[in-house]
Number of protein chains: 2
Amino acid sequence: MSEQDAAGRIYAVMRRLVLEADDRKQHVVDALGMSYIRSRALRALAVEPIRMTELATRLVTDKPYTTLVVDDLEARGLVVREQDPDDRRCKIVKITPAGREAADTATRIITAPPTELVALPPEDLEALDRILGKLQHP
Amino acid sequence: MSEQDAAGRIYAVMRRLVLEADDRKQHVVDALGMSYIRSRALRALAVEPIRMTELATRLVTDKPYTTLVVDDLEARGLVVREQDPDDRRCKIVKITPAGREAADTATRIITAPPTELVALPPEDLEALDRILGKLQHP
DNA sequence: GGAGATAGTTGTAGTGCTATAACTGTTATA
DNA sequence: TATAACAGTTATAGCACTACAACTATCTCC
């Protein structure tokens with residue numbers, strides 16, 4: 001029984017558990033009534049206010065499209081743009097209370113562990129937690 | 001230390017390991033020189049020949065778009081359409097040897113466990129294999 | 001001070017995919 | 001037999017997002 005085989009099986013289970021998350025994406029889209037990248041923008045901004053260029057980087061998209069996304073979120077009252085006092089070229093995008101609420105909803109949907117995982121016995125969960133906790137953070 | 005917390009942490013690690021798979025999608029797209037759904041179609045057909053309608057169902061897309069995808073794959077010599085002998089309305093789509101090769105490439109890319117997982121000690125891998133093997137297949 | 005780089009906006013074009021309609025040929029069922 | 005349903009194709013429109021160009025205002029650095 002090779003470790004490569006075991007790792008392959010382990011990874012297959014993980015992929016199943018997470019990729020059923022595809023309908024979590026759709027769930028987020030439905031719950032928030034916006035495209036998924038907009039929810040990702042909200043979640044990024046819920047962490048801290050950032051510049052437009054930094055937001056584009058975090059969303060792995062380009063500046064013009066980021067402008068479009070933020071325009072829409074601002075129109076929905078979920079974010080505000082403010083002038084950066086340190087550099088007059090720059091805008092800081094901040095999340096509003098309503099935006100934070102939406103971001104929290106999205107986060108809850110995305111991060112909820114599958115019921116079959118939660119249903120594992122405590123000693124199994126403890127072992128998984130311990131082992132997976134060893135993995136490197138890249 | 002609640003089980004819900006442990007499950008949340010466990011799931012977060014899984015999500016990280018799998019969602020870095022987003023660049024696996026891109027890797028597949030680059031390696032095969034086609035859109036991702038085309039690679040998914042090839043992988044479905046590599047299992048067994050199926051009807052167009054069944055293929056659309058498996059791809060979770062609609063019949064007109066499935067026609068477009070299969071048209072392209074057929075033009076590339078990766079699949080062939082044949083008349084279903086049991087029902088003259090139906091076509092069976094079969095993969096060609098070249099298509100099978102492309103599907104195998106995609107599968108290899110997608111299913112390869114992350115190196116940090118493979119690098120875990122054997123007893124940890126065995127434990128993960130055993131525990132995750134208990135999860136229900138939905 | 002001036003040249004070059006950067007921030008964010010405005011604009012255009014294209015791709016992948018969803019959604020829908022309509023059609024011809026075929027099958028199933030009342 | 002007639003009607004309804006189904007298979008697959010052709011066609012159209014729209015959305016989300018990528019990619020790129022160009023612009024004005026501002027900043028950095030030689």
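Note that the structure is a prediction, hence the values are computed from the model and not measured.
- Qualifying side-chain contact (heavy atoms from CB on, under 4.5 Å) partners for B:Leu68, counting only residues two or more places apart in sequence or in other chains: B:Arg38, B:Tyr65.
- Here the C1' atom of nucleotide C:dT9 and the CG atom of A:Asp71 are 9 Å apart, to the nearest Å.
- Within the 4.0 angstrom heavy-atom criterion, base atoms lie near B:Thr67.
- Between the NZ atom of B:Lys25 and the P atom of C:dG16 there is a distance of 14 Å, given to the nearest Å.
- Within the 4.0 angstrom heavy-atom criterion, base atoms lie near A:Lys63.
- Of the possible donor and acceptor atoms, none in the side chain of A:Arg81 sits under 3.5 Å from a partner among the backbone N and O of A:Val93.
- The separation between B:Arg88 atom CZ and C:dT24 atom P is 18 Å, rounded to whole Å.
- Summarising the geometry, the separation between CG on A:Asp62 and C1' on C:dT12 is reported as 12 Å, rounded to the nearest angstrom.
- Between A:Gln26 atom CD and C:dC17 atom P there is a gap of 16 Å when expressed in whole angstrom units.
- Rounded to an integer number of Å, the gap from B:Ile37 CD1 to C:dT15 C1' is 13 Å.
- Nucleic acid contact for A:Thr66: none, since no nucleic acid atom lies under 4.0 Å from a heavy atom of the residue.
- Chain A approaches DNA chain D over the interval D:dA16 to D:dC27, counting the first and last nucleotide 5' to 3' with an atom under 4.0 Å from its heavy atoms.
- Comparing A:Tyr36 and B:Asp87 against DNA chain D, the residue whose closest nucleotide sits nearer the 5' end is B:Asp87.
- Side-chain atoms of B:Arg100 come within 3.5 Å of backbone N or O of B:Ala46 as a donor-acceptor pair.
- Salt bridge status for A:Glu82 with A:Lys94: present, with a side-chain N to carboxylate O gap under 4.0 Å.
- Each of B:Val60 and A:Cys90 was assigned the nucleotide of DNA chain C with the nearest heavy atom; the assignment lying further toward the 5' end belongs to A:Cys90.
- At a threshold of 4.5 Å between non-hydrogen side-chain atoms, the residues B:Leu42 and B:Arg76 do not count as touching.
- Look at CE on B:Met34: it is 17 Å from P on C:dT15, rounded to the nearest Å.
- Taking 4.0 angstrom as the limit, B:Tyr65 places a side-chain polar atom (N or O) nearer than this to OP1 or OP2 of C:dC17.
- Between B:Leu73 and B:Met34, the closest side-chain pair of non-hydrogen atoms falls below 4.5 Å.
- A:Leu68 comes within 4.0 angstrom of nothing in the nucleic acid, heavy atoms only.
- In summary, A:Asp30 and A:Lys25 do not engage in a salt bridge, as defined by a charged side-chain N under 4.0 Å from a carboxylate O.
- For A:Met52, counting side-chain heavy atoms from C-beta on, the closest listed nucleotide (C:dT27, C:dT18, C:dG8) is C:dG8.
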